[in-house]
Amino acid sequence: MSFDLDWNGDKIVAALSEPFHQANEVLGREFAKEITASKWDWPNEPSPRDIVDTGELRRSYAGERDSPTEYSHAWNVEYAMAVHEGYATRSGSRMPGRPWTKQPLENGTLEKTFEKLAQAELRKLQ
Amino acid sequence: MTPAELAAALRTLLSDLLGTHRSPQGTTVPACRVGDPPADWTAEGLEVIVEREPDQANRPLQGGEHNLSETLTVHLTAHGSGSPAAAVRRIARNYPDASVTRVPANERLGILERRTVRIPK
(Lines give C-alpha, C1' and ligand atoms only; values in the text may rest on other atoms or scores of the structure.)
Protein backbone atom coordinates (compact mmCIF):
# COMPACT_ATOMS: atom_id res chain seq x y z
CA MET A 1 0.00 0.00 0.00
CA SER A 2 1.40 3.40 -0.80
CA PHE A 3 0.29 6.94 -0.20
CA ASP A 4 0.86 10.09 -2.19
CA LEU A 5 1.01 13.30 -0.21
CA ASP A 6 0.37 16.40 -2.26
CA TRP A 7 1.91 19.17 -0.20
CA ASN A 8 1.57 22.58 -1.76
CA GLY A 9 4.25 24.34 0.27
CA ASP A 10 4.35 27.43 -1.96
CA LYS A 11 0.63 28.00 -1.54
CA ILE A 12 0.89 27.64 2.24
CA VAL A 13 3.82 30.04 2.53
CA ALA A 14 2.03 32.52 0.29
CA ALA A 15 -1.07 32.32 2.48
CA LEU A 16 0.96 32.85 5.66
CA SER A 17 2.98 35.79 4.39
CA GLU A 18 0.35 38.46 5.01
CA PRO A 19 -0.50 37.19 8.53
CA PHE A 20 3.22 37.16 9.30
CA HIS A 21 3.65 40.77 8.22
CA GLN A 22 0.50 41.93 9.95
CA ALA A 23 1.61 40.21 13.17
CA ASN A 24 4.91 42.09 12.93
CA GLU A 25 3.04 45.36 12.46
CA VAL A 26 1.14 44.63 15.67
CA LEU A 27 4.47 43.90 17.36
CA GLY A 28 5.81 47.24 16.09
CA ARG A 29 2.88 49.05 17.69
CA GLU A 30 3.55 47.27 20.98
CA PHE A 31 7.18 48.41 20.83
CA ALA A 32 5.95 51.99 20.35
CA LYS A 33 3.68 51.70 23.40
CA GLU A 34 6.64 50.59 25.50
CA ILE A 35 8.59 53.66 24.45
CA THR A 36 5.82 56.00 25.59
CA ALA A 37 4.99 54.09 28.79
CA SER A 38 6.08 55.80 32.01
CA LYS A 39 7.46 52.62 33.53
CA TRP A 40 11.23 52.93 33.31
CA ASP A 41 13.31 53.49 36.45
CA TRP A 42 15.66 56.46 36.04
CA PRO A 43 18.36 57.88 38.33
CA ASN A 44 17.02 61.44 37.95
CA GLU A 45 13.52 62.80 38.45
CA PRO A 46 11.02 62.06 37.14
CA SER A 47 11.21 58.34 37.77
CA PRO A 48 9.69 56.17 36.51
CA ARG A 49 9.66 57.82 33.13
CA ASP A 50 9.07 57.09 29.46
CA ILE A 51 11.74 56.88 26.74
CA VAL A 52 10.82 60.14 25.02
CA ASP A 53 13.04 63.24 25.17
CA THR A 54 13.09 64.88 21.75
CA GLY A 55 10.97 62.13 20.13
CA GLU A 56 13.80 61.35 17.73
CA LEU A 57 14.15 57.72 18.84
CA ARG A 58 10.43 57.10 18.57
CA ARG A 59 10.24 58.73 15.12
CA SER A 60 13.25 56.79 13.87
CA TYR A 61 11.38 53.48 13.96
CA ALA A 62 11.23 51.67 10.62
CA GLY A 63 9.23 48.46 10.22
CA GLU A 64 9.92 46.92 6.81
CA ARG A 65 8.57 43.96 4.89
CA ASP A 66 11.91 42.75 3.57
CA SER A 67 10.57 39.69 1.77
CA PRO A 68 7.46 37.45 1.92
CA THR A 69 8.95 35.76 5.01
CA GLU A 70 11.15 38.47 6.53
CA TYR A 71 10.29 41.57 8.51
CA SER A 72 12.73 43.97 10.17
CA HIS A 73 12.26 46.37 13.06
CA ALA A 74 14.88 49.13 13.35
CA TRP A 75 15.41 52.35 15.25
CA ASN A 76 17.79 54.36 13.13
CA VAL A 77 19.46 56.73 15.57
CA GLU A 78 23.09 56.33 16.70
CA TYR A 79 22.17 56.03 20.37
CA ALA A 80 19.31 53.48 20.07
CA MET A 81 21.36 50.56 21.36
CA ALA A 82 22.71 52.63 24.25
CA VAL A 83 19.21 53.58 25.36
CA HIS A 84 17.97 49.99 25.01
CA GLU A 85 20.87 48.28 26.83
CA GLY A 86 22.10 51.01 29.18
CA TYR A 87 25.42 52.82 28.92
CA ALA A 88 28.29 54.49 30.72
CA THR A 89 29.83 57.83 29.80
CA ARG A 90 33.29 59.39 29.91
CA SER A 91 32.07 61.71 32.65
CA GLY A 92 31.32 58.73 34.91
CA SER A 93 27.54 58.46 34.55
CA ARG A 94 25.97 55.01 34.43
CA MET A 95 22.50 54.89 32.93
CA PRO A 96 20.19 51.88 33.13
CA GLY A 97 18.87 50.14 30.05
CA ARG A 98 15.28 50.69 28.94
CA PRO A 99 14.70 47.63 26.78
CA TRP A 100 11.46 48.57 25.07
CA THR A 101 11.47 45.39 22.92
CA LYS A 102 11.70 42.98 25.84
CA GLN A 103 8.16 42.80 27.18
CA PRO A 104 6.35 42.50 23.81
CA LEU A 105 8.76 39.74 22.79
CA GLU A 106 8.43 37.87 26.10
CA ASN A 107 4.64 38.25 25.99
CA GLY A 108 4.61 36.32 22.72
CA THR A 109 2.81 39.15 20.91
CA LEU A 110 4.16 38.08 17.53
CA GLU A 111 3.41 34.37 17.94
CA LYS A 112 -0.09 34.84 19.33
CA THR A 113 -1.10 37.38 16.70
CA PHE A 114 0.36 35.31 13.89
CA GLU A 115 -1.41 32.16 15.06
CA LYS A 116 -4.77 33.92 15.12
CA LEU A 117 -4.35 35.50 11.68
CA ALA A 118 -2.73 32.44 10.12
CA GLN A 119 -5.56 30.14 11.18
CA ALA A 120 -8.06 32.28 9.32
CA GLU A 121 -5.95 32.20 6.15
CA LEU A 122 -5.24 28.46 6.31
CA ARG A 123 -8.96 27.72 6.62
CA LYS A 124 -9.46 29.39 3.25
CA LEU A 125 -7.08 26.86 1.65
CA GLN A 126 -9.14 23.83 2.67
CA MET B 1 24.80 30.55 40.71
CA THR B 2 24.30 33.87 42.48
CA PRO B 3 25.47 37.26 41.18
CA ALA B 4 28.20 37.23 43.82
CA GLU B 5 29.39 33.80 42.71
CA LEU B 6 29.44 34.91 39.08
CA ALA B 7 31.38 38.08 39.93
CA ALA B 8 33.95 36.00 41.82
CA ALA B 9 34.29 33.58 38.90
CA LEU B 10 34.72 36.44 36.43
CA ARG B 11 37.29 38.13 38.65
CA THR B 12 39.41 34.99 38.31
CA LEU B 13 38.64 34.32 34.65
CA LEU B 14 39.42 37.88 33.53
CA SER B 15 42.12 38.75 36.09
CA ASP B 16 44.71 39.86 33.52
CA LEU B 17 42.21 41.92 31.53
CA LEU B 18 40.50 43.80 34.35
CA GLY B 19 40.97 47.48 35.04
CA THR B 20 40.61 49.07 38.45
CA HIS B 21 38.14 50.89 40.64
CA ARG B 22 39.73 53.67 42.68
CA SER B 23 38.22 55.10 45.86
CA PRO B 24 38.51 58.82 46.75
CA GLN B 25 41.19 57.77 49.28
CA GLY B 26 43.28 56.22 46.49
CA THR B 27 42.58 52.53 47.23
CA THR B 28 42.34 50.42 44.10
CA VAL B 29 40.55 47.12 43.59
CA PRO B 30 39.97 45.02 40.47
CA ALA B 31 37.03 46.49 38.55
CA CYS B 32 34.73 43.49 38.84
CA ARG B 33 31.78 43.57 41.25
CA VAL B 34 28.09 43.14 41.83
CA GLY B 35 26.28 46.43 41.25
CA ASP B 36 27.73 49.82 40.35
CA PRO B 37 30.59 51.17 42.46
CA PRO B 38 29.93 54.20 44.72
CA ALA B 39 29.40 57.36 42.71
CA ASP B 40 32.65 58.95 43.95
CA TRP B 41 34.80 56.03 42.78
CA THR B 42 36.48 56.16 39.37
CA ALA B 43 37.04 53.37 36.88
CA GLU B 44 40.03 52.81 34.59
CA GLY B 45 40.38 50.12 31.96
CA LEU B 46 37.94 47.24 31.61
CA GLU B 47 35.12 47.26 34.14
CA VAL B 48 32.85 44.25 34.76
CA ILE B 49 29.57 44.81 36.59
CA VAL B 50 27.16 41.98 37.44
CA GLU B 51 23.63 43.27 37.98
CA ARG B 52 22.33 42.61 41.49
CA GLU B 53 19.03 41.08 40.45
CA PRO B 54 18.60 38.29 37.90
CA ASP B 55 16.28 38.87 35.01
CA GLN B 56 13.27 36.56 35.11
CA ALA B 57 10.93 35.33 32.40
CA ASN B 58 7.99 33.07 33.12
CA ARG B 59 6.46 30.80 30.50
CA PRO B 60 3.15 29.05 31.23
CA LEU B 61 3.03 25.36 30.28
CA GLN B 62 0.22 22.85 30.00
CA GLY B 63 -1.60 21.66 33.08
CA GLY B 64 -0.92 24.73 35.21
CA GLU B 65 2.83 24.20 35.10
CA HIS B 66 5.28 26.94 34.30
CA ASN B 67 8.90 27.46 33.37
CA LEU B 68 10.64 30.32 35.16
CA SER B 69 14.00 31.09 33.61
CA GLU B 70 16.54 33.38 35.26
CA THR B 71 19.40 35.19 33.63
CA LEU B 72 22.37 37.03 35.10
CA THR B 73 23.39 40.21 33.29
CA VAL B 74 27.00 41.35 33.03
CA HIS B 75 28.13 44.71 31.65
CA LEU B 76 31.70 45.00 30.35
CA THR B 77 32.71 48.63 29.80
CA ALA B 78 35.98 50.07 28.51
CA HIS B 79 36.90 53.14 30.60
CA GLY B 80 39.66 54.69 28.53
CA SER B 81 41.28 51.37 27.66
CA GLY B 82 40.61 47.64 27.88
CA SER B 83 38.93 45.28 25.47
CA PRO B 84 35.39 44.13 26.20
CA ALA B 85 35.60 41.94 23.07
CA ALA B 86 38.55 39.94 24.41
CA ALA B 87 36.78 39.44 27.73
CA VAL B 88 33.60 38.31 25.97
CA ARG B 89 35.53 35.64 24.04
CA ARG B 90 36.76 34.19 27.31
CA ILE B 91 33.34 34.36 28.94
CA ALA B 92 31.73 32.63 25.96
CA ARG B 93 34.18 29.73 26.18
CA ASN B 94 33.22 29.19 29.81
CA TYR B 95 29.52 29.99 29.51
CA PRO B 96 28.56 28.76 26.05
CA ASP B 97 24.84 29.57 26.60
CA ALA B 98 25.63 33.28 27.03
CA SER B 99 24.19 35.85 24.62
CA VAL B 100 25.95 39.13 23.83
CA THR B 101 24.84 42.60 22.74
CA ARG B 102 27.02 45.60 21.97
CA VAL B 103 26.69 49.31 22.70
CA PRO B 104 29.23 50.95 20.38
CA ALA B 105 31.31 53.84 21.67
CA ASN B 106 30.11 57.26 20.56
CA GLU B 107 32.65 60.07 20.79
CA ARG B 108 30.11 62.77 20.11
CA LEU B 109 27.82 61.66 22.95
CA GLY B 110 30.62 60.51 25.26
CA ILE B 111 29.29 56.94 25.40
CA LEU B 112 31.84 54.24 26.22
CA GLU B 113 32.25 50.93 24.39
CA ARG B 114 30.27 48.22 26.18
CA ARG B 115 29.24 44.61 25.81
CA THR B 116 26.32 43.15 27.76
CA VAL B 117 26.46 39.42 28.36
CA ARG B 118 23.41 37.50 29.55
CA ILE B 119 24.12 34.16 31.19
CA PRO B 120 21.26 31.73 31.96
CA LYS B 121 21.40 30.57 35.56
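Note that these values count all heavy atoms, side chains included, but never hydrogens, waters or copies made by symmetry. Residue numbers begin at 1 in each chain, while the letters A, B, ... track the order of the sequences.
Contacts between residues 26-58 of chain A and chain B, defined by a heavy-atom separation under 4.5 Å, are made by no residue at all. Heavy-atom proximity under 4.5 angstrom to chain B picks out A:Glu78, A:Tyr79, A:Met81, A:Ala82, A:Glu85, A:Gly86, A:Tyr87, A:Ala88 from residues 62-88 of chain A.
A distance-only check finds a donor-acceptor pair linking the side chain of B:Glu113 to the backbone of B:Ala105 [under 3.5 Å].
The part of B:Ala43 that comes within reach of chain A is its side chain, from C-beta onward, which places non-hydrogen atoms under 4.5 angstrom from that chain. In this structure, chain A has no heavy atom under 4.5 Å from any part of B:Asn58. Using a 4.5 Å cut-off between heavy atoms, B:Arg108 contacts chain A through its side chain alone, with no backbone atom that close. With a threshold of 4.5 angstrom between heavy atoms, B:Arg115 does not approach chain A through any atom at all. Neither the backbone nor the side chain of B:Glu51 comes within contact range of chain A, judged by heavy atoms closer than 4.5 Å.
Residues B:Thr28 and B:Arg22 have side chains that never bring a donor and an acceptor to within less than 3.5 angstrom of each other.
For the options B:Thr77, B:Asn106, B:Thr116, heavy-atom pairs under 4.5 Å to chain A are most numerous at B:Asn106.
Closest heavy-atom contact between B:Leu46 and B:Ala87: CD2-CB, 3.7 Å. A:Ala15 and A:Leu125 get closest at one heavy-atom pair: CB-CD1, 3.9 Å. Listed here is the closest heavy atom pair of B:Pro96 and B:Arg93: CD-O, 4.2 Å.
The pair A:Glu106-B:Arg59 does not meet the salt-bridge criterion, since no charged nitrogen lies less than 4.0 angstrom from a carboxylate oxygen.
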List the steps and the verdict of side chain to side chain contact (heavy atoms under 4.5 Å, CB included) for B:Glu44 and B:His79. CA-CA 5 Å; B:Glu44 288 172 25; B:His79 290 264; 5.5 Å; no
Going through the distances and angles, do B:Ile91 and B:Leu14 end up as a side chain to side chain contact (heavy atoms under 4.5 Å, CB included)? CA-CA 8 Å; B:Ile91 292 173; B:Leu14 305 174; 4.2 Å; yes
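Side chains of A:Glu111 and A:Glu115 form no contact here, defined as non-hydrogen atoms less than 4.5 Å apart. Side-chain contact between A:Thr89 and B:Leu109 is absent, with no heavy atoms from C-beta onward closer than 4.5 Å.
Of the candidates B:Pro37, B:Pro3, B:Cys32, B:Pro37 is the only one forming a side chain to side chain contact (heavy atoms under 4.5 Å, CB included) with B:Ile49.
Criterion: ILVMFWY side-chain heavy atoms under 4.5 Å apart, direct or through other members. Under it, B:Val50 and B:Trp41 are not part of a common hydrophobic cluster.
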